[in-house]
K.L.:
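This is the structure I have questions about; it appears just below.
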Amino acid sequence: MQPPDNLTQFQANVRAFVEKTLLPEVNKIDEAEQIDRSLIQAMANQGFLGASIKKKNGGQALPSDHLMVLHKEVARAHGSLENLVTVTGMVAAAVERFAKSDLIRDYVKALAKGELIGGFAMTEPNIGSNLSHVETTITRDGDDYVINGVKTWITLAQIADFFVVLGRTRDNHTQVILVDRSTPGLSVEPIRGMIGLRANMLGTVTFDQCRVPAHYLLGSETQGLALSATFGLHEGRFTTACGCLGLADAALEVMTERCISRQQAGKPLYRHQLVQKMLSETLVAVMSAQELVNRAAEARDMASPDMVQAIMIAKYAASQAARLASNNAVQLLGASGCHAVNHAERYFRDAKAMEIIEGTTQIHEIQIALAYIATNVERAAA
Ligand SMILES: Cc1cc2nc3c(=O)[nH]c(=O)nc-3n(C[C@H](O)[C@H](O)[C@H](O)COP(=O)(O)OP(=O)(O)OC[C@H]3O[C@@H](n4cnc5c(N)ncnc54)[C@H](O)[C@@H]3O)c2cc1C
């Protein structure tokens, strides 16, 4: 799909595809806990998987407002479909910016076409929120690196053709390296039965003496900081914020329809004051989150100094809005809200998982406060 400059037209095009091709599949996706490869290919053909990838690498390089609309619309169908686009964007961001050779950039071109699937492998059994203590080792040996360790809860691990992997070098620097799935010593154990984002096709990935050419390192060994991981995470937080907004919007829509159509005690639900409170708090949370995501989108386009903080605030606010909106939607739908016949219960489950991925709510609370204080300390010292 060639993106029109007009955002409204772009949104209409994406929504038409979502309604025709994705929505009819969502119950099947959720029950089977997987996304068919044909559906992934259909999304790639629309340009969704190359949405944030540079044009020279076969992507669309969408501006942030278009990216926001895309993630919102796809999340309305299914959170895992949105996560597929998010993780692809994270992997691509790390590889296309930090790869040292064209050979590696070819992986990105294949991502955009849907020919290859990538996984972003940071979390480990002992290391979740505190990635700086990562235990996986990336050890130089002649012209290669040897990778040993275990990554878990990795989205798309079941089908990924390659992984970008966070580890620690001999000098105790954190680094990221690309590892092809075909590398001897790499094995994947599927994880099923998640509360939400059930079709993320998660897995635990074990690296046992995996030998990879040295130029697969995404960054420089002396850098001392895994910039490619940080860069990928910022991208992921931005698009996850947009996905959360899509869930929140969809939940608000469902509860609004219910408040108008459902009569109790001789009047529509919206005439009851406690329901009005639920509607107001949801509407305000969704609208506030939208403003904060818009602000993050602007900061991202301008690569402004407050971009990282703006993105963290947006992800924090949008995931909270999604949780509140989906919770209230289920509540106002009553018993039917607890049944799969309604999308509300899935929004509720997906929103819970969104509060954990790309940095938990608590980690955002810590980092937002610290960044805010740091700015004020700098100002006071100036
Ligand atoms: C659906 C899904 C998809 C995922 N996909 C990926 C993926 O593709 N790649 C990947 O690498 N990982 C992935 N993850 C893992 C995810 O990134 C981690 O679950 C997340 O970072 C939290 O780590 P943890 O689960 O180990 O929790 P922990 O870090 O052990 O945290 C447990 C709880 O303690 C809180 N906590 C931790 N530290 C602090 C602190 N300093 N102060 C206050 N509270 C704290 C946390 O907020 C949380 O509530 C996925 C997870 C899910 C659920």
Side-chain angles (χ1 to χ4, degrees), residues 1 3 10 14 18 35 40-41 43-75 77-99 104-105 107-122 154-157 159-166 176 178 197 200-201 218 227-246 293 296-297 299-301 303 307-308 310-312 314-315 318-319 354 357-359:
M1 183 189 294
F10 177 72
V14 174
V18 166
I35 308 167
I40 296 176
Q41 194 54 58
M43 290 170 73
N45 293 347
Q46 292 295 311
F48 290 7
L49 299 189
S52 60
I53 292 174
K54 290 178 184 158
K55 286 187 176 155
K56 69 172 183 182
N57 290 326
Q60 300 204 71
L62 290 182
S64 297
D65 57 353
H66 284 62
L67 209 51
M68 172 177 70
V69 161
L70 172 65
H71 282 265
K72 279 179 70 173
E73 293 298 327
V74 175
H78 197 290
S80 291
L81 293 170
E82 189 281 325
N83 265 223
L84 163 69
V85 184
T86 276
V87 169
T88 303
M90 293 169 80
V91 170
V95 178
E96 74 177 350
R97 194 166 163 138
F98 294 94
I104 311 292
R105 284 191 202 95
Y107 278 92
V108 176
K109 290 180 185 156
L111 278 180
K113 287 190 207 149
E115 290 169 357
L116 291 182
I117 301 291
F120 198 76
M122 307 286 126
I154 307 306
T155 293
L156 300 172
I159 58 164
D161 299 287
F162 70 98
F163 298 90
V164 294
V165 182
L166 181 72
V176 174
L178 190 151
L197 301 177
N200 270 35
M201 296 178 277
L218 301 173
L227 281 180
S228 46
T230 312
F231 191 71
L233 276 170
H234 293 328
E235 283 295 286
R237 282 179 181 168
F238 174 67
T239 53
T240 299
C242 305
C244 289
L245 212 46
V293 173
R300 180 178 176 275
D301 279 340
M307 179 189 83
V308 171
I311 287 176
M312 282 196 299
K315 196 273 178 176
S319 57
M354 291 288 204
I357 62 170
E358 319 313 349

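Quantities reported herein were computed from a predicted structural model and do not represent experimental measurements.
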K.L.:
Before giving the answer on side chain to side chain contact (heavy atoms under 4.5 Å, CB included), spell out for R97 and F231 the whole-Å C-alpha distance, their side-chain angles and the decisive distance to 0.1 Å.
P.N.:
CA-CA 9 Å; R97 194 166 163 138; F231 191 71; 3.2 Å; yes
K.L.:
Looking only at heavy atoms, what is the nearest atom pair of A93 and G232, with distance?
P.N.:
CB-CA, 4.4 Å
K.L.:
Evaluate the ring planes of F10 and H66, with Trp represented by its six-membered ring, and classify them as parallel (under 30°), tilted (30 to 60°) or perpendicular (over 60°).
P.N.:
tilted
K.L.:
Taking all non-hydrogen atoms of both residues, which atom of G58 and which atom of A112 are closest, and how far apart?
P.N.:
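That would be O-CB, 3.6 Å.
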K.L.:
Take L197 and I357 through the side chain to side chain contact (heavy atoms under 4.5 Å, CB included) test and state the conclusion after the steps.
P.N.:
CA-CA 10 Å; L197 301 177; I357 62 170; 4.0 Å; yes
K.L.:
Counting distance only, does the side-chain N/O of S228 pair as donor-acceptor with the main-chain N or O of L218 below 3.5 Å?
P.N.:
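Side chain of S228 to backbone of L218: a pair is present.
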K.L.:
Please answer whether the main-chain N or O of V108 pairs with a side-chain N or O of K113 as donor and acceptor at a distance below 3.5 Å.
P.N.:
no
K.L.:
Is any side-chain heavy atom of E82 less than 4.5 Å from a side-chain heavy atom of M354?
P.N.:
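In contact.
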K.L.:
Tell me, do V293 and K315 make a side-chain contact under 4.5 Å, heavy atoms counted?
P.N.:
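Not touching, per the 4.5 Å side-chain cut-off.
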K.L.:
Enumerate the residue pairs fulfilling salt bridge (Lys or Arg N to Asp or Glu O under 4.0 Å) with a member in residues 228-246, sequence neighbours excluded, ordered by first and then second residue.
P.N.:
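Those involving residues 228-246 are E235-R300.
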K.L.:
Quick check: do M90 and L233 have side-chain heavy atoms less than 4.5 Å from each other?
P.N.:
yes
K.L.:
Decide yes or no for V91 and L178: does some side-chain heavy atom of the first lie under 4.5 Å from some side-chain heavy atom of the second?
P.N.:
no
K.L.:
Quick one: side chain to side chain contact (heavy atoms under 4.5 Å, CB included) partners of A157, sequence neighbours excluded?
P.N.:
I154, F163, V188, V205
K.L.:
With a 4.5 Å cut-off on side-chain heavy atoms, are K55 and Q60 touching?
P.N.:
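Side chain of Q60 against side chain of K55, heavy atoms only: no contact under 4.5 Å found.
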K.L.:
The criterion is salt bridge (Lys or Arg N to Asp or Glu O under 4.0 Å); which residues satisfy it with K109, sequence neighbours excluded?
P.N.:
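If we apply the salt bridge (Lys or Arg N to Asp or Glu O under 4.0 Å) test to K109, skipping adjacent residues, the hits are D106.
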K.L.:
Report the distance from atom CE of M122 to atom CD of E358, rounding to the nearest 0.5 Å.
P.N.:
10.0 Å
K.L.:
Between atom CG of L67 and atom CZ of F238, what is the distance when rounded to the nearest 0.5 Å?
P.N.:
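CZ of F238 is found 6.0 Å from CG of L67.
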K.L.:
What are the two closest heavy atoms between V87 and G119, and how far apart are they?
P.N.:
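Residues V87 and G119, closest heavy atoms: CG1-CA, 4.4 Å.
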K.L.:
Going through the checks in order, is the side chain to side chain contact (heavy atoms under 4.5 Å, CB included) test met by M43 and V74?
P.N.:
CA-CA 10 Å; M43 290 170 73; V74 175; 4.1 Å; yes
K.L.:
Which atom pair, heavy atoms only, marks the closest approach of A318 to L245?
P.N.:
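Nearest heavy atoms, A318 then L245: CB-N, 4.3 Å.
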K.L.:
Could you work out, with salt bridge (Lys or Arg N to Asp or Glu O under 4.0 Å) as the rule, every residue matching D161, not counting sequence neighbours?
P.N.:
R37
K.L.:
Nearest 0.5 Å please: distance from the CD1 atom of I35 over to the CG atom of L81.
P.N.:
4.5 Å
K.L.:
In sequence, state the C-alpha distance, the side-chain angles, and the governing distance for V308 and H234, and then conclude on side chain to side chain contact (heavy atoms under 4.5 Å, CB included).
P.N.:
CA-CA 7 Å; V308 171; H234 293 328; 3.4 Å; yes
K.L.:
With a 4.5 Å heavy-atom cut-off, do I117 and F162 have their side chains touching?
P.N.:
no
K.L.:
State, to 0.1 Å, how close V18 and A77 come at their nearest heavy-atom pair, and which atoms those are.
P.N.:
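So the two residues come closest at CG1-CB, 3.7 Å.
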K.L.:
For a quick check under 3.5 Å, do N83 and T155 share a side-chain donor-acceptor pair by atom type?
P.N.:
no
K.L.:
V85 versus L49: any side-chain heavy-atom pair under 4.5 Å?
P.N.:
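Of all side-chain heavy-atom pairs linking L49 with V85, at least one is under 4.5 Å.
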K.L.:
Within a strict 4.5 Å, meaning less than it, do heavy atoms of the V14 and F48 side chains meet?
P.N.:
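A side-chain contact exists here, since the closest heavy-atom pair is under 4.5 Å.
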K.L.:
Tell me, please, which residues at least two apart from D65 pass side-chain hydrogen bond (donor to acceptor under 3.5 Å, both in side chains).
P.N.:
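Counting only residues at least two positions away or on another chain, D65 forms no side-chain hydrogen bond (donor to acceptor under 3.5 Å, both in side chains).
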K.L.:
Heavy atoms only: give me the nearest G118-A160 pair and the separation to one decimal.
P.N.:
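It is C-CB, 4.1 Å.
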K.L.:
Among residues at least two apart in sequence or on other chains, which ones pass side-chain hydrogen bond (donor to acceptor under 3.5 Å, both in side chains) with S80?
P.N.:
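N200.
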K.L.:
CD1/I159 to CE/M201 distance, rounded to the nearest 0.5 angstrom?
P.N.:
3.5 Å
